[in-house]
Asks: 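Would you mind keeping the following structure in view while I ask a few things?
What you see is a predicted model, and the numbers here were worked out from it, not measured in a lab.
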Amino acid sequence: MFQCLFYSSWENEYLKFEDMSERVRQKCSHSEEKYQTNISLETLNSGCLNSATVCGVDWTTLPDDTVIQLFSYLNYRDRASLASTCRTFRLLGSLPCLWGSLDLRSYKFDTAAAVSLSLRCKNLQRLKFPAAGSADAIVSLQARELREISGDFCRDITDAALSVIAARHEMLESIHLGPDPCERISSDAIKAIAYCCPRLRRLWMSGVKEANGDAINALAKHCRQLMELGFVESDNIDEVALGNLSSLKFLSVAGTRNLKWGSVAQVWSRLPQLVGLDVSRTDVNLSAITRFLSLSRNLKVLIALNCPVFEGEVDRNTMHNNKGRILLTLFSDIVKGVASLFADNLESVTDVFQHWKEIRNGDKNLDEVVVWIEWAISHSLLRIAENNLKEFDDFWLTQGAAVLLSLLQSSQEEVQERAATAVATFVVIDDEDATVHCQRAEAILCGDGIRMLLNLARSCQEVLQSEAAKAIANLSIDSKVAKAVAESGGIDILANLAKSTNRLVAEEAAGGLWNLSVGDEHKGAIAEAGGVKALVDLIFKWPPSSTDVLLERATGALANLGADEKCSMEVALAGGIHALVMLARTCKFEGVQEQAARALANLAAHGDSNSNNAAIGQEAGALEALVQLTYSQNEGVRQEAAGALWNLSFDDKNREAISAVGGVEALVALAQSSLDASQGLQERAAGALWGLSVSETNSTAIGRQGGIAPLIALASSDVEDVHETAAGALWNLAFYRDNALRIIQDDGVQPLVHLCSSSNSKMARFMAALALVYMFDGRIDSAVPVGPSASSQGSSKSLNIDGVGRMALKHVEEFVSSFYEPQTFNAAAATLVPTALAQIAEAIRIPEAGHLRCRQAPILPLLFTKNDYILNPINKMLQQLKNSFSLQFTMPGGRHAMHHSCLLQKTGAARVLRATAAASTAPIQAKIFTKIVLRNLENHHEVSS
């Protein structure tokens, strides 16, 4: 029997980046308990060691200032780990100067965590937190000096919760809630903030349910220092009341709906301190914009990005800055507009925000303006990127990408995060098909964006690490960017991030390694950087029930790496086989199941070159799990499981073990259900049956359990990969008389004849021809019942085997004759020089045949029948086929050519071949073919010796 490992190394790419709404849902899900890391008293106050000496160095002798500086560079988990080493470090690690700011967005922040942290938070001034369920926790911190709070995932935060936070922290100066919509926050909470936080200077909320006149007037009355206000993406804002906030310098209503622009322009233009106004993504009109620019006393910057009504009304050629005021739009030059605030030579400024950092001249007012512009533009560009509209192509290529690159170098971490997220988002065309916009990706590349993102990925801030890694991952789908990432040390960075104890960071790093592992260019570098072990460790580190996305990305990367022989051995050495089998057996998430099955398939695809195939079969529960996955409701899972079983069936023990755990029944059922499925599933179902059919027991079982009918249907497919694989399975099955009879009875002759005559695949034609010769070799009676009821008693329809056989063999003869070019063959026969024989061999070679591997049993009856070319047409055809067959499977360069040559040598092939070459009755084709085969055998003998 013959088996083929065609399914050797298929790959796919990771890209899971959502549009705006999906992105929000992803971030919300990360706020849930299963995506967060606990901050516990045990973690922070873990036991002390008696000594802090390593290799004879006493680290406790370092100056306190040095140790404190070292602590400042660490995240909270690493601070806790370092503090646990000795009493001295524990004391220094608890100093209030190290706990002035906390970013808990990547952690589970509840009351227990807050109590653990409270002793360190006496002087806490800045807090970033996941808002859902955190109100009580914030109070439990007892951080009465708190000045700034910033909450993500605010959909569930209520008026009552926000009111409690405000009441307990009267020193608050800045409140930021978003970018998720604060759907349950209304005027009641805004009034509570106004009453409780008189020092408030900045209030920014996204998607509030309402902000009525009473709430806004309360802010005007009680928060006299309020200088920045943002009600973005909201529906019901009292725009007239906003005119009472006389202290406002910066106002943003970006994305807010239902504003009455006629009255708005009149009222807001009278705000005496207003310096910056953001009306991006609203339905503001030209009249309102003109009023703002002409009537506002101190207005310096008006941002109107993506305002369709205004953009439809304005004459872009005549819309210039008015009286020194700057209008920033999608059609204006944003870089030059911002640079005009502080630069004398606008032409020399390309990276505007970096330029500002370098030339800051101590002008506090101007610094406030630039900081606000960065904040407002980064928010709007992220929203525009998330909408992913084709109409913004020109904007991104002409200036949008450059602005994002400039924002990546902002001094504000929040701006850097949003810019990195926007880069990761705007480059994506289709997240389902892992497609990126090459021009946008290369704009980031040409603007030195890879270096910037890798620098951010090195940050000690974990949220920034996560967003930078996400951007690198998506950009790396483009091959040019992937090369730049690798050359810039990005693989080492991602491999290190994959070891992070923060799940979000590890998840995005695994995604980056998944994309970089596509193709052969970077697999070796990933292995050298320790990426293989890091990915395998991720599977053991995180339980399947809580980290589905992370595990899918890790297994996807391992699947790609497993396609490389050396990397596949690294995966096995790192414990990857056990890890992948564990996921295939226990994980219920279909994405993980699919990638785990694909990884096992690729690890098993290297045949005799390593022991992975056998090792997978020996792993407890591996084959049972893959067989069960063929029953999955998800087509991708079924496809990859069938592919894994196809490759694993290459091993003799695996083949029988697969059958023993119900593999034949499962794969026959899969083939039957695949007739309306994808081409990939059809090919793999047929391939797995082909692999199992190598043994007589399995071949007979496949026939008895109804496997022949679906294979005949697949052999009728117009898709080459599908009908070629099905033809291979039918070829093996036809070796046994009962199966040959079933193929005839199930109307399989005509599809095979069609393949033999018409397929564009030489390999399919070749295997169909062999199947037909097996079927009509004289073993079957001259007349047999055919049709759906052929196997039952009383079938009224019968088939004349002799007539059908002659018709089939005629097509086989035509196929064999297609290898024969009289002039070339006659010339070669006259000289028999090696070059002439080599020319013919190369001309008739079928490259795919090199993937086939023959067991010894069928080689005897097929290749070494009597050399009587005139006994009957069957023998004549068989002899012609056997010569072609021997030639194809002994050609130098074939994967199993040496194996086949050894089989032929053991069966006395050389003697029979020489007799064929010398026979006076032998056709010229036979003489040439046998000469070529003899030459191949001699060459392989020389190599082996």
Side-chain angles (χ1 to χ4, degrees), residues 27-28 30-33 35-40 43-44 70-83 93-110 113-114 116-118 120-135 137-143 145-154 157 165 169 172-180 202 204 375 378-379 408 410-421 455-470 497 500-508:
K27 295 187 82 171
C28 283
H30 287 168
S31 74
E32 297 173 1
E33 179 177 348
Y35 277 101
Q36 295 172 328
T37 302
N38 287 310
I39 301 179
S40 65
T43 300
L44 293 167
L70 179 62
F71 270 108
S72 71
Y73 290 122
L74 303 178
N75 60 43
Y76 312 120
R77 187 183 296 102
D78 292 340
R79 288 184 192 178
S81 297
L82 182 59
S94 302
L95 290 176
C97 63
L98 291 172
W99 298 89
S101 176
L102 274 179
D103 185 351
L104 302 177
R105 290 174 294 171
S106 299
Y107 300 88
K108 179 184 176 183
F109 181 48
D110 55 17
S116 300
L117 290 166
S118 60
R120 296 167 172 79
C121 294
K122 180 179 180 181
N123 295 330
L124 182 66
Q125 295 193 359
R126 292 177 296 279
L127 175 66
K128 297 177 183 178
F129 63 98
S134 296
I138 293 174
V139 172
S140 298
L141 280 175
Q142 300 182 31
E145 299 295 317
L146 202 59
R147 299 293 197 275
E148 301 176 16
I149 60 171
S150 177
D152 286 351
F153 323 119
C154 299
I157 195 168
I165 293 172
H169 302 93
L172 278 174
E173 297 178 1
S174 175
I175 298 174
H176 172 269
L177 300 175
D180 297 34
R202 182 175 186 268
W204 196 97
W375 183 276
S378 65
H379 182 80
L408 285 175
S410 168
S411 57
Q412 303 179 77
E413 284 183 5
E414 294 91 340
V415 172
Q416 291 179 317
E417 290 171 16
R418 279 197 292 272
T421 306
N455 285 339
L456 295 181
R458 293 187 182 99
S459 165
C460 62
Q461 300 301 320
E462 292 173 327
V463 174
L464 200 51
Q465 291 176 352
S466 173
E467 297 305 321
K470 187 195 306 292
L497 291 180
S500 173
T501 50
N502 183 295
R503 295 180 188 177
L504 297 182
V505 175
E507 186 176 293
E508 301 303 341

Asks: I need the single residue from E508, E417, E507 that forms a salt bridge (charged side-chain N to carboxylate O under 4.0 Å, His left out) with K470. Which is it?
Replies: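 Checked E508, E417, E507 against K470; only one passes salt bridge (charged side-chain N to carboxylate O under 4.0 Å, His left out): E508.
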Asks: Does any N or O in the side chain of H169 come within less than 3.5 Å of the main-chain N or O of I165, such that one atom is a donor and the other an acceptor?
Replies: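 Yes, the answer is positive, given that a donor and an acceptor are paired below the 3.5 Å cut-off.
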Asks: If you take all heavy atoms of A468 and L456, which pair is closest and at what distance?
Replies: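 Nearest pair, atom of A468 first, then L456: CB-CB, 3.8 Å.
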Asks: Do L127 and L141 touch side chain to side chain, with heavy atoms closer than 4.5 Å?
Replies: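 Counting from C-beta outward, L127 and L141 do come under 4.5 Å.
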Asks: Do L95 and F71 come close enough that some side-chain heavy atom pair is under 4.5 Å?
Replies: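 Side chain of L95 against side chain of F71, heavy atoms only: no contact under 4.5 Å found.
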Asks: In Å and rounded to the nearest 0.5 Å, what is the CG to CD distance from L504 to Q465?
Replies: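 Output value for this atom pair is 11.0 Å.
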Asks: Please report the closest heavy-atom contact between A137 and A114, naming both atoms and the distance.
Replies: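 Residues A137 and A114, closest heavy atoms: O-CB, 3.0 Å.
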Asks: In Å, rounded to the nearest 0.5 Å, how long is the span from OG of S466 to CG of L497?
Replies: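 Separation between the atoms: 9.5 Å.
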Asks: Evaluate the criterion side chain to side chain contact (heavy atoms under 4.5 Å, CB included) for residue pair I138 and F109; output intermediate values, then yes/no.
Replies: CA-CA 9 Å; I138 293 174; F109 181 48; 3.8 Å; yes
Asks: Side chains of L102 and C121, heavy atoms from C-beta outward: is any pair under 4.5 Å?
Replies: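 Touching, per the 4.5 Å side-chain cut-off.
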Asks: With side chain to side chain contact (heavy atoms under 4.5 Å, CB included) as the test, would you mind laying out the steps for L98 and S72 before giving the verdict?
Replies: CA-CA 6 Å; L98 291 172; S72 71; 4.1 Å; yes
Asks: Flag the pair L70 / L82 as yes when at least one side-chain heavy-atom distance between them is below 4.5 Å, and no otherwise.
Replies: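 Yes, side chains in contact.
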Asks: Report the relative orientation of the aromatic rings in H176 and W204; use parallel for angles under 30°, tilted for 30 to 60°, perpendicular for over 60°.
Replies: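 Ring orientation of H176 relative to W204: parallel.
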Asks: Any heavy-atom pair between the side chains of R79 and R120 that's under 4.5 Å?
Replies: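 A side-chain contact is absent here, since even the closest heavy-atom pair is not under 4.5 Å.
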Asks: Are side-chain heavy atoms of E462 and Y107 found at a separation under 4.5 Å?
Replies: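 In short, these two side chains touch, coming nearer than 4.5 Å.
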Asks: What distance do N123 atom CG and R147 atom CZ have between them, rounded to the nearest 0.5 Å?
Replies: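 Rounded to the nearest 0.5 Å, the CG-CZ separation comes to 9.5 Å.
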Asks: Quick one: closest heavy-atom pair of D180 and C154, and the distance?
Replies: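 So the minimum-distance heavy-atom pair works out to CB-N, 3.8 Å.
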Asks: Does D78 form a side chain to side chain contact (heavy atoms under 4.5 Å, CB included) with Y73? I'd like the steps, not just the answer.
Replies: CA-CA 9 Å; D78 292 340; Y73 290 122; over 6 Å; no
Asks: Please assess E414 against W375 for the test side chain to side chain contact (heavy atoms under 4.5 Å, CB included), listing each intermediate value before the final yes or no.
Replies: CA-CA 8 Å; E414 294 91 340; W375 183 276; 3.7 Å; yes
Asks: Could you pull out all residues at least two apart from N455 that satisfy side-chain contact (heavy atoms from CB on, under 4.5 Å)?
Replies: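 Partners of N455 under the side-chain contact (heavy atoms from CB on, under 4.5 Å) test: R451, R458.
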Asks: Starting at OG of S378, measure out to CD of Q412 and round the result to the nearest 0.5 Å.
Replies: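 So the OG of S378 and the CD of Q412 are separated by 7.5 Å.
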Asks: Taking NZ, NE, NH1 and NH2 as the nitrogens, is one of them in R418 or E467 under 4.0 Å from a carboxylate oxygen of the other?
Replies: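 Result for this pair is no, no salt bridge flagged.
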Asks: First locate atom CG of L124, then atom CD of Q142, and finally report the distance between them rounded to the nearest 0.5 Å.
Replies: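 The CG atom of L124 sits 12.0 Å away from the CD atom of Q142.
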Asks: Using a 4.5 Å cut-off on heavy atoms from C-beta on, say whether the side chain of Q416 contacts that of L408.
Replies: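 Not touching, per the 4.5 Å side-chain cut-off.
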Asks: About how many Å separate CG of D152 and OG of S106, when rounded to the nearest 0.5 Å?
Replies: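 Answer rounded to 0.5 Å: 9.5 Å.
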